Structure formats: C-alpha cells, structure tokens
Amino acid sequence: MKIVARDIPPRAVWALEQAGVHPLLARLFAARGVQGKDELDDGLNRLLPPSGMLGTAQAARLLADAIALDKRLCIVADYDCDGATACAVAIRGLRLLGARQVSYIVPDRVVDGYGLTSTIAQRVKGSGADVLITVDNGIASMDGVATAKALGLQVLVTDHHLPATTLPDADVIVNPNQPGCTFESKSIAGVGVMFYVLLALRSELRQRGVFTVETQPKLDALLPLVALGTVADVVKLDANNRRLVAQGLKRVRALSLPAGLASLFVASGRVTQVATTFDFGFALGPRINAAGRLSDMTLGIECLLTDDAGRADELAKTLDGINRERREIEGDMREQAMQIAESLFDDGDEPPPAICVFDPDFHEGVVGIVASRIKDKLHRPSFVFAASAAPGKEHELKGSGRSIPGFHLRDALDLVAKRYPGVLLRFGGHAMAAGCTIAEEHFDDFEQGLNEVAQEWLDAATLTRRIDTDGPLAPEYRRIDLVDTLHHEVWGQGFAPPTFSEEVEVVSQRLVGEKHLALKLKHQGAPVDGIWFGRTEPLPARVKLAFRLDADEWNGVRRVRFLVEGAEI
C-alpha cells in the first residue's frame, strides 16, 4: 500500500482563508479543487438551472398536459436506494404539483430483472395508466419502451445511467448523459434528475398561470430524499450534487424531514440533529437497499412515502430486520467468495488482473456488496455471480461488479461484449459499478474476456493500492470541536472525507471483537486512541498511518480518536 499526500495549492488555501474559511477546512477544500469561497455557497439559488438539462422543458409540458387532463401517471422505479428515493420524490412532487392519480410499480430483482421490460410495460398498461415515467432506469430499455408505446402509453424516461449507441423511442428522455445534453453535472443521481424534472414542471405550471411565485408549492421538502439517494448511489459529489446534499442535510438537522426518514434514523441508532453524509451512506441507504436485495422494494418506497409516524416506525423496523438478515447472508457469502477468489492465485503471487467468482449457492441480491468487499481486499476489478432465481432463467447468472480507480467497468463490459459476441446477454452501469447477465456455460468466456481487458488497461501504478491523504495533522487540530466541524461538511465520492497521514508511535495494541485492532498511539508526542476496523495483524512500533478524525464517547466524555484507514509497512 502506498500513502500519498494530495497536492495542496497554496494560492487557493490563501484565498479561502482570506475569505474567512477555517484554516484546516481551507486546506482540505483547496486539495479537492475548490478555489474560492463562492464554490462553497450551497444556496438553492446556486443550483444549476433545470433549463440546462436536455429534455426537461418537453417533460414539463408532457406532465403539465397530463395533469390538466387528469391522466393517470405510473412511475416505474428501480430496486436500489436511488430508485426508491427517486420514486418517492416523483410521487410526492407530482402530487404537490396537482397530479391526482399517481401510482408506481417497482420491478422484482429476481422475477423481473432490471429496468423497464416489456412485461413491466404491460403491467403498467394493465393498471389503467396513461403515462409511464421511469426513474433511475429506462435509458437501455428499448423493448420495454417500444412495448409501452405500442400499448398506447406516453413514455417519459428519466435516468442518469450511460446510454448505449441507440436510445429508446420514448416521448421524452431526460438524462444528462444522453448525446447533446450540456448539463454540467453529468454525475447527478437518478433522484436528482427527477427533482430537476419537477422544478421544470413547476416553472411550466407558473407560465400556464396554475401557480404564481407566491402560491407555488415548495419542492424543497423533497431535498432530504434527494440527498439520501445521491449519497447512497455513490455518485461523484461535484459542486451541484454537494449543494443538493447540503440542502437536504440542513432540513434533516432542522427536523424537517419525511416521517419514514425520521424513523430510519431511530432504527439505525443515528441522531437527526447531527446527521452526516456518513449516516445516509452507511445507515439509512443500506436499510432501504436491503428491501430490494432480499425482499420487496415496495417496503422501502412505502417507508419514504408515508406521513403516518406509526406506520413509518413499523416499516423502518421491518427494513432494519431485513438489513440484519442481509448482513448475515453477506457475511457467509463473503467468506466463501473470498476463498474462491484467493484460490485463483498462489500465496505470494499477485492476484489476476480481474476477479470473477461464482457459486450456485450465492444470493443474487447480495452479489454487489460481496464484489465490493473482494475489490477492497484484493484491489482488483471484481465480479460476483449468482444463479438467477427467476422462473425459467435458472441457466442464467446474474453478476454485479465493482471497480478500482482507473478502470471503467461499463466500458470494459462493452469491449468484452464486442470481442465475445453472445456472452453478455445484458449489461449496464457506471465506471465504478456495473451489472450483467450471462449464460452459466459462458462464465469462463466472460472471465477470460474481462481479464484480457484488465491486462491491457491496468498498469503497475493502477494496480498498486494507494490512499490519498491530506498529509500530517497539526497537533492544534486534534480537538473534539474540529471533529464535529469536519463531520458537519458534505463529503463523499469525488470529494473524499478528510484523511491524514504521518508516522506515529504504537504504544500498545490489542484485538477487540476478534476482528478489530484497538490502538494506543503517540501522535506528535501526545497520547491518542486509535481503532482499525477489520484489521487483525499487529503493527510495528513506529508506522506511517492514514487515519480519519473521529470521536469516541466513554462515560459521557467525548475524546478524539483516529480511525485508521491504512498503513505503509
């Protein structure tokens, strides 16, 4: 492992400090590309305008016409947290803006697979809907959109995934990644795209005289859901996404949030008044996702839609229970998958360029999480496959992959599909995460194809695990109030949480819970506690650590501790 200190542009630090930004934050922000205080302005008026996203004006007109004619609208959601929050935002937002008949359908991961299929289109038509709206899916649904159109449905696709060379023949497509769209925030989540459609719709309704600026509904009540979906989908937190998340967090901390989110905070043991992006990504998000992985995402969506506190508590407890079950299944699968992965190379040798693992007993709802764990441990693009549980599809394998920086997973799948025609039945995704379906008999072909691409694209530098850090921590910043200051900011994908690095003395170390290393350290001569979760091997007496600042509470007293992320040994 290599620990690398980020470049910290001194001019940007100086400019931020002169503008009144705390010196530590100025250094951290400058290292992440922020050059002036105006970039830190998270006001709603600083959001990119909806008019810049191709298709929003046409979508607004389609929806405004549908509302005027009292048409029945049906949302086709996705079964992850981004899809669930996008569905809840769509339904809540459309109702606020005057739609009286709004329903939703969420595909079953096992039975239906991903996205708008022809079968789902038929179910939408059978529900009596007039307009079909996809959220967080649809850009690759050629057959589903064609079926919906043939059945007489109007189709609005809202998505953020990368499109193929051909687009579906929908009435309107809103996706910042479609050709011709100049919207700057290409990494906006599916829930963010739907929020932008609602902003455009409200503007259209104002122009039609339905609302005035004074009487129009406030859509900012939807921002806690937008923030949750954005963080949970691990999209890059560019300036626009950070504003969306910051605005959502402000409302959560002020206790202005949907009942279901409030109940999820309680169920996960988190405190709304001091909510962080970490809570969204590691507490609430997984509980929503668990429903789509092991049960029915309807539970997650209903939790986000209900305004009844009692029902919200009931649903949040159910989701918490499902998440506990998910963790048990994941733990067993992870152990088994890791054994298979490590059997692909001899002790002392480097792992292959890419890792592909399959076992007939794996649960398809958890393959993505397990792929992520293998990727974290072996630092290789990793795919984990499970046998499809869909009736009549037992010969198919459903795979989910996670990647490392420098290896675009969806592009890699595209190249494998071209080189090995017929092997990939379906695929899609992003740079860092993707999914695919293959026939079981083609597993070896897929493994060979992915390894070929990885061999060509990955070099020694990319294959060396590295942690980018913010360099040494000045001793005056080892304070509990600064821990809270750092936690209050918006961190995440593409805007990494502050991680410091320097050589420390290891005074003592012991295992806790059989799998975590508890440390007593000396940092620049002062004692400080440390914890390295998931580490069992002892450390040398002096070692360069990468660590984050955290607070540990004991007997009502809060102390600074270091959360260790890695060591250069």
Side-chain angles (χ1 to χ4, degrees), residues 73-93 102-121 123-124 132-145 148 155-163 168 170 173-177 187-197 225-226 228-235 284-305 319 364-369 390 398 400-401 410 426-430 432-437:
L73 314 175
C74 183
I75 315 296
V76 175
D78 183 27
Y79 41 67
D80 69 358
C81 188
D82 186 17
T85 50
C87 182
V89 162
I91 291 171
R92 285 181 173 275
V102 192
S103 61
Y104 72 93
I105 286 176
V106 57
D108 182 286
R109 181 188 290 268
V110 173
V111 178
D112 301 306
Y114 171 76
L116 172 61
T117 61
S118 293
T119 307
I120 294 289
R123 280 172 56 192
V124 172
L132 185 159
I133 305 163
T134 71
V135 291
D136 192 31
N137 74 93
I139 198 66
S141 303
M142 312 298 168
D143 293 343
V145 171
V155 180
L156 164 58
V157 167
T158 76
D159 201 352
H160 69 128
H161 293 94
L162 297 173
I173 296 175
V174 185
N175 181 336
N177 290 302
S187 56
I188 192 168
V191 66
V193 175
M194 189 62 225
F195 182 68
Y196 264 75
V197 168
L225 294 170
V226 176
L228 170 59
T230 300
V231 173
D233 213 45
V234 203
V235 295
L284 276 67
R287 282 165 174 79
I288 297 285
N289 276 328
R293 294 185 189 284
L294 300 188
S295 182
D296 178 1
M297 186 46 97
T298 303
L299 290 167
I301 294 171
E302 286 300 313
C303 185
L304 301 178
L305 283 176
L319 291 170
E364 69 176 85
V366 189
V367 288
I369 302 175
K398 297 278 192 73
S400 188
R410 190 205 168 277
R426 289 177 294 282
F427 71 91
H430 302 286
M432 302 301 284
C436 66
T437 303

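What you see is a predicted model; the values in this text were computed from it and never measured. Only heavy atoms go into these numbers, but all of them, side chains included; no hydrogens, no water, no symmetry mates.
- Each of Leu305, Leu73, Val124 was checked for a side-chain contact (heavy atoms from CB on, under 4.5 Å) with Tyr104, and the lone residue meeting it is Leu305.
- Contact detail for Asn137 and Leu116: the closest heavy-atom pair is OD1-N, 3.3 Å.
- Not counting sequence neighbours, Ser295 has no partner by the side-chain hydrogen bond (donor to acceptor under 3.5 Å, both in side chains) test.
- With contacts defined as side-chain heavy-atom distances shorter than 4.5 Å, the pair Ile288/Leu284 does not qualify.
- When atom types are taken as modelled, the side chain of Arg293 and the backbone of Gly368 share no donor-acceptor pair closer than 3.5 angstrom.
- Side-chain contact between Asn175 and Val157 is absent, with no heavy atoms from C-beta onward closer than 4.5 Å.
- Atom-to-atom distance recorded for Tyr114:OH and Thr437:OG1 is 12.0 Å, nearest 0.5 angstrom.
- Side-chain contact between Leu319 and Cys303: present, with at least one pair of heavy atoms (C-beta onward) separated by less than 4.5 Å.
- By the 4.5 Å heavy-atom criterion applied to side chains, Ile75 and Met194 are not counted as neighbours.
- Residues Val366 and Leu294 are in side-chain contact: their nearest non-hydrogen atoms beyond the backbone lie under 4.5 Å apart.
- In this structure, the side chain of Asn177 engages the main chain of His160 through a donor-acceptor pair within 3.5 Å.
- Asp82 contributes a side-chain N or O that, together with a main-chain N or O of Gly190, makes up a donor-acceptor pair within less than 3.5 Å.
- No donor-acceptor distance shorter than 3.5 angstrom exists from the side chain of Asp136 to the backbone of Asp78, with no hydrogens or angles considered.
- Contact of the His430 side chain with the Val234 side chain is not registered, since no non-hydrogen atoms from C-beta on lie closer than 4.5 Å.
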